[in-house]
Participant: 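Could you have a look at this structure, given as structure tokens, before my questions?
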Amino acid sequence: MGQWLGLSSAPVEEDDGSVFVAKEEDFKDSQRIRGTVKDREVVIFHHEGQYHALDLRCYHAGGPLHLGDIEDIAGQTCVICPWHNYTIALATGEGLYQGTDPLDPLRTKKWFSKGVKQRIHKVNVKNGGVYVTLSDTSIRCDSDDYACEKLKESENTVIKP
């Protein structure tokens with residue numbers, strides 16, 4: 001699930017800063033694609049006619065979001081991280097959790113937001129191509145710790161004494 005598309009040449013950045021990641025037809029089988037945009041690992045979901053791009057690895061512990069289930073939670077489309085079941089809204093990057101209001105005598109469970117935890121990115125479709133523009137990385141987001149291709153490479157490096 002979540003195919004990785006290897007492009008035959010280096011991704012080409014458009015004048016508007018967007019990068020081609022896939023063709024629309026590539027989403028027909030899996031509804032999600034992993035890729036790298038400017039050294040950043042991302043996943044692009046196609047769900048109910050809309051595209052959503054976010055950092056590939058979960059903000060909590062780096063879980064692979066491309067393997068997560070998509071669910072409707074409190075009216076928001078969310079991905080559930082397969083490692084620890086963290087819930088992330090695709091449209092906003094908010095981390096959601098279920099809890100109770102201590103002042104509610106019925107202790108009814110409700111969904112609450114932790115705020116934006118996962119970096120989301122802009123997706124455009126042009127002439128059958130799906131393009132991703134990275135969001136402003138000068139504003140820190142929790143998922144930044146797990147997002148770069150360089151981190152992936154460093155995890156595979158063994159340092160010998």
Side-chain angles (χ1 to χ4, degrees), residues 1-5 17-19 21-125 130-156:
M1 186 185 297
Q3 62 186 343
W4 187 273
L5 288 183
S18 65
V19 175
V21 292
K23 296 180 219 164
E24 282 185 285
E25 64 194 46
D26 295 332
F27 288 88
K28 288 191 166 87
D29 292 333
S30 70
Q31 303 294 305
R32 61 191 75 200
I33 289 177
R34 309 181 310 164
T36 302
V37 176
K38 299 181 186 176
D39 200 36
R40 192 172 193 96
E41 292 184 298
V42 297
V43 59
I44 303 94
F45 292 99
H46 183 246
H47 182 75
E48 296 183 355
Q50 294 187 345
Y51 289 93
H52 303 276
L54 49 147
D55 286 346
L56 176 69
R57 307 244 169 231
C58 178
Y59 71 90
H60 169 245
L65 294 180
H66 67 287
L67 299 176
D69 291 329
I70 302 295
E71 295 183 18
D72 181 57
I73 306 283
Q76 296 188 69
T77 303
C78 299
V79 60
I80 311 301
C81 180
W83 282 6
H84 302 106
N85 294 320
Y86 273 57
T87 303
I88 302 164
L90 291 181
T92 63
E94 287 178 274
L96 303 178
Y97 69 97
Q98 198 170 31
T100 59
D101 180 347
L103 301 177
D104 179 1
L106 300 177
R107 302 275 192 235
T108 307
K109 284 190 173 185
K110 298 178 184 175
W111 286 94
F112 297 91
S113 172
K114 298 177 191 176
V116 175
K117 299 290 187 176
Q118 193 76 22
R119 185 174 300 284
I120 60 170
H121 308 286
K122 183 179 176 185
V123 181
N124 285 317
V125 178
V130 179
Y131 295 79
V132 172
T133 304
L134 296 180
S135 64
D136 180 4
T137 56
S138 69
I139 301 167
R140 186 164 176 349
C141 195
D142 289 3
S143 65
D144 291 346
D145 295 337
Y146 301 100
C148 288
E149 186 72 23
K150 288 178 185 171
L151 175 66
K152 181 179 163 187
E153 290 171 10
S154 70
E155 289 172 346
N156 296 326

Participant: Quick check against the 3.5 Å criterion: does T100 have a side-chain atom that pairs as donor or acceptor with the backbone of P102?
Facilitator: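 Not a single qualifying donor-acceptor pair exists.
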Participant: Do V130 and H46 make a side-chain contact, defined as non-hydrogen atoms from C-beta onward lying under 4.5 Å apart?
Facilitator: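 Of all side-chain heavy-atom pairs linking H46 with V130, none is under 4.5 Å.
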Participant: Kindly determine whether T137 and R40 satisfy side chain to side chain contact (heavy atoms under 4.5 Å, CB included), including the steps that lead there.
Facilitator: CA-CA 11 Å; T137 56; R40 192 172 193 96; 3.9 Å; yes
Participant: What are the two closest heavy atoms between L65 and R32, and how far apart are they?
Facilitator: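 That closest heavy-atom pairing would be O-NH1, 4.2 Å.
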Participant: Atom CD1 in I88, atom SG in C58: separation rounded to 0.5 Å?
Facilitator: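 Output value for this atom pair is 4.0 Å.
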Participant: Rounded at 0.5 Å granularity, tell me how far OH in Y51 sits from CD in E24.
Facilitator: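 Reported to 0.5 Å precision, the distance equals 4.0 Å.
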Participant: Charged N to carboxylate O under 4.0 angstrom, K110 versus D101?
Facilitator: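 Salt bridge absent between K110 and D101.
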Participant: Report yes if some heavy atom in the side chain of V132 is under 4.5 Å from a heavy atom in the side chain of V19; otherwise report no.
Facilitator: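 Heavy-atom side-chain distance check fails, nothing below 4.5 Å.
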Participant: F27 and I44: which non-hydrogen atoms are nearest, and at how many Å?
Facilitator: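 The pair with the smallest heavy-atom distance is CE2-O, 3.4 Å.
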Participant: Quick one: does T77's side chain get under 4.5 Å of Q50's, heavy atoms only?
Facilitator: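 In short, these two side chains do not touch, never coming nearer than 4.5 Å.
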Participant: Is it true that, when you exclude K114 itself, more than 12 heavy atoms of the residues, nucleotides or ligands shown sit nearer than 6.0 Å to its NZ?
Facilitator: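 Yes, the 6.0 Å shell around NZ holds more than 12 heavy atoms from other groups.
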Participant: Quick one, S135 with R119, criterion side-chain hydrogen bond (donor to acceptor under 3.5 Å, both in side chains). Give me CA distance, side-chain angles, the key distance, then yes/no.
Facilitator: CA-CA 7 Å; S135 64; R119 185 174 300 284; 3.2 Å; yes
Participant: Measuring only between side-chain heavy atoms, which start at C-beta, is K117 closer than 4.5 Å to C141?
Facilitator: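 They are not in contact (no side-chain heavy atoms under 4.5 Å apart), so the answer is no.
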Participant: Apply the test salt bridge (Lys or Arg N to Asp or Glu O under 4.0 Å) to residues R140 and D145: give CA-CA distance (whole Å), side-chain angles for both, the deciding distance (0.1 Å), then the verdict.
Facilitator: CA-CA 10 Å; R140 186 164 176 349; D145 295 337; 2.8 Å; yes
Participant: Would you call V42 and H121 a side-chain contact if the rule is heavy atoms closer than 4.5 Å?
Facilitator: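 V42 vs H121: side chains touch.
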Participant: For the residue pair A61 and H84, what are the closest heavy atoms and their distance?
Facilitator: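 The pair with the smallest heavy-atom distance is CB-CE1, 3.9 Å.
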Participant: Is the Y59 ring parallel, tilted or perpendicular to the Y86 ring (thresholds 30°, 60°)?
Facilitator: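 The rings of Y59 and Y86 stand perpendicular, inter-plane angle above 60°.
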Participant: Can you tell me how far the SG atom of C78 sits from the CG atom of D72, to the nearest 0.5 Å?
Facilitator: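 Result: 7.5 Å between the selected atoms.
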Participant: Rounded to the nearest 0.5 Å, what separation is found between the OH atom of Y146 and the CG atom of D55?
Facilitator: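 Nearest 0.5 Å value for the OH-CG distance: 12.0 Å.
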Participant: Take Q31 and I70 through the test side chain to side chain contact (heavy atoms under 4.5 Å, CB included) and record every step on the way to the result.
Facilitator: CA-CA 10 Å; Q31 303 294 305; I70 302 295; over 6 Å; no
Participant: Atom CD1 of I33 and atom CG of L56: how far apart are they, to the nearest 0.5 Å?
Facilitator: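 So the CD1 of I33 and the CG of L56 are separated by 12.5 Å.
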Participant: Test side chain to side chain contact (heavy atoms under 4.5 Å, CB included) on F45 and L54 and set out the steps.
Facilitator: CA-CA 9 Å; F45 292 99; L54 49 147; 4.0 Å; yes
Participant: May I ask you to test the K23-D26 pair for a side-chain heavy-atom distance under 4.5 Å?
Facilitator: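 Side-chain contact under 4.5 Å: yes.
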Participant: Enter the distance from Q118:CD to D144:CG here, rounded to the nearest 0.5 Å.
Facilitator: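 Between atom CD of Q118 and atom CG of D144 there are 9.0 Å.
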